[in-house]
Amino acid sequence: MIIQTERLILRPFTEQDIDALYLMNINPAMLKYIPTVPFTDREQARELFHNVISQDYQQHGFGRWAVEHKADNKVIGFCGPKFIPEYNEVEIGYRYFPEYWGKGIGTEAAQAAISVFPQFGITQIIALILEGNIGSEGVAKRIGMHWREPSEFMGHKVNVYAKVL
């Protein structure tokens, strides 16, 4: 476990979370502001776990973390740091199943996550938020991030938010 809050556990993803990763990457509502195409089979989730998430853990000592909801012991999304080579900075990213939206979970998880970032050598963060994603911008603002600049990432217009920890 990385950290827990009253309602949530943030922890590294494991092989047992591949189904949750798959479901996160086929849900149209969850992908509306994500610059990627939906998965078409579970093998893509397995590859994501092994070739991206696990690699980030090994290479940087951190990566996206599973967010587990204590009330139902389910992985309900992710929140955590990821090194973005195109910016040479660490991004905080978060994504949750729609049934958990509007309950303060995004802010709760993000506040918990950034509280432990210094333990991983992270002293400043960015958030790359696709234009129009008001929910994610709200979370960024509630955790003390400030709009820095418009930019482009993976062929999409984004707003870059930043914070020094």
Side-chain angles (χ1 to χ4, degrees), residues 1-13 17 20-21 23-36 38 48 52-53 56-57 60 62-84 86-165:
M1 179 176 58
I2 303 292
I3 190 168
Q4 65 178 315
T5 68
E6 185 179 326
R7 298 184 290 174
L8 310 170
I9 296 170
L10 278 68
R11 60 169 177 75
F13 277 102
D17 300 318
L21 286 167
L23 294 173
M24 281 181 233
N25 285 284
I26 64 168
N27 187 313
M30 291 180 79
L31 297 175
K32 181 174 181 180
Y33 296 106
I34 307 299
T36 187
L48 172 68
V52 178
I53 296 170
D56 282 346
Y57 294 163
H60 302 290
F62 58 79
R64 302 292 197 220
W65 298 320
V67 175
E68 192 175 308
H69 196 248
K70 289 179 178 178
D72 51 20
N73 295 314
K74 285 176 39 180
V75 172
I76 62 167
F78 71 76
C79 181
K82 180 171 179 59
F83 179 75
I84 307 294
E86 296 89 336
Y87 286 81
N88 196 31
E89 294 184 83
V90 174
E91 179 200 36
I92 182 169
Y94 35 84
R95 191 181 336 159
Y96 302 95
F97 289 108
E99 58 266 32
Y100 296 93
W101 295 354
K103 300 176 193 282
I105 284 174
T107 301
E108 183 178 331
Q111 286 172 330
I114 64 173
S115 77
V116 297
F117 281 7
Q119 296 173 29
F120 295 89
I122 303 167
T123 58
Q124 57 186 19
I125 56 170
I126 60 170
L128 303 172
I129 302 174
L130 264 67
E131 282 190 346
N133 191 345
I134 293 171
S136 284
E137 287 186 354
V139 170
K141 290 173 185 174
R142 284 190 293 279
I143 64 170
M145 299 185 83
H146 300 283
W147 183 85
R148 184 171 82 187
E149 63 190 350
S151 189
E152 193 171 293
F153 184 63
M154 297 176 69
H156 296 268
K157 291 182 179 190
V158 296
N159 285 307
V160 179
Y161 282 76
K163 177 180 176 118
V164 175
L165 303 178

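The structure presented is a predicted model; accordingly, all values stated were derived computationally and were not measured.
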Going by the rule side-chain hydrogen bond (donor to acceptor under 3.5 Å, both in side chains), which residues pair with W147 if we only count those two or more places apart in sequence or in a different chain?
N159
Residue pair E99 / K103: nearest heavy atoms and the distance that separates them
O-CE, 3.0 Å
For E6, is the CD atom crowded, meaning more than 12 foreign heavy atoms sit under 6.0 Å from it?
no
List, one per line, each side-chain donor-acceptor pair under 3.5 Å for residues 108-119, sequence neighbours excluded.
from	atom 1	to	atom 2	distance (Å)
E108	OE1	R7	NE	2.7
E108	OE1	R7	NH2	2.6
E108	OE2	T5	OG1	2.4
E108	OE2	R7	N	3.3
S115	OG	A112	O	2.6

Working to the nearest 0.5 Å, report the span between CD1 of I129 and OH of Y94.
4.0 Å
Side-chain heavy-atom pair L48, F13 within 4.5 angstrom cut-off
no
Value for CE (M145) from CD (Q124), rounded to nearest 0.5 Å, stands at 10.0 Å
Hits for side-chain contact (heavy atoms from CB on, under 4.5 Å) against E149, two or more places apart or cross-chain, chain-then-number order -> V160
Taken in chain and number order and not counting sequence neighbours, the residues that satisfy ring pair (Phe, Tyr, Trp, His ring centres under 6.0 Å) with Y100 are H69
Quick one: which residue pairs count as a salt bridge (charged side-chain N to carboxylate O under 4.0 Å, His left out) with a foot in residues 63-80, not counting sequence neighbours?
R11-E68, R64-E91
Donor-acceptor check, side chain of Y33 to backbone of G132, threshold 3.5 angstrom: yes or no?
yes
What do the steps show when you test V158 against L130 for side-chain contact (heavy atoms from CB on, under 4.5 Å), and what is the final call?
CA-CA 4 Å; V158 296; L130 264 67; 3.7 Å; yes
Is there side-chain contact between L165 and T123, with heavy atoms separated by less than 4.5 Å?
no
Partners of P98 by side-chain contact (heavy atoms from CB on, under 4.5 Å), sequence neighbours excluded?
N27, A29, M30, W101
side-chain hydrogen bond (donor to acceptor under 3.5 Å, both in side chains) with K82: which residues, sequence neighbours excluded?
D56
I84 vs E89 side-chain heavy atoms within contact, under 4.5 Å:
no
Are the side chains of F78 and L10 in contact, using a 4.5 Å heavy-atom criterion?
no
So OH of Y161 and CZ of R148: to nearest 0.5 Å the spacing works out to 12.5 Å
All salt bridge (Lys or Arg N to Asp or Glu O under 4.0 Å) counterparts of R142, not counting sequence neighbours:
none
On a heavy-atom basis, which atom in S151 and which in Y87 lie closest, and how many Å separate them?
OG-OH, 2.6 Å
Once salt bridge (charged side-chain N to carboxylate O under 4.0 Å, His left out) is applied, what residue pairs with a partner in residues 124-138 remain, sequence neighbours excluded?
none
How many angstroms lie between atom CH2 of W65 and atom CD1 of I2, to the nearest 0.5 angstrom?
5.0 Å
Applying side-chain hydrogen bond (donor to acceptor under 3.5 Å, both in side chains) to Y57 and not counting sequence neighbours gives none
Who passes ring pair (Phe, Tyr, Trp, His ring centres under 6.0 Å) against F62, sequence neighbours left out?
H60
Determine whether L21 and I53 satisfy the following criterion, side-chain contact (heavy atoms from CB on, under 4.5 Å), listing intermediate values before the conclusion.
CA-CA 11 Å; L21 286 167; I53 296 170; 3.8 Å; yes
Among M24, R95, M154, H156, the one residue meeting side-chain contact (heavy atoms from CB on, under 4.5 Å) with I34:
R95
Across all chains, not counting sequence neighbours, the side-chain contact (heavy atoms from CB on, under 4.5 Å) partners of I26 are Y22, L23, F39
For I76 and L8: C-alpha separation, side-chain torsions, deciding distance, then whether side-chain contact (heavy atoms from CB on, under 4.5 Å) applies.
CA-CA 9 Å; I76 62 167; L8 310 170; 4.1 Å; yes
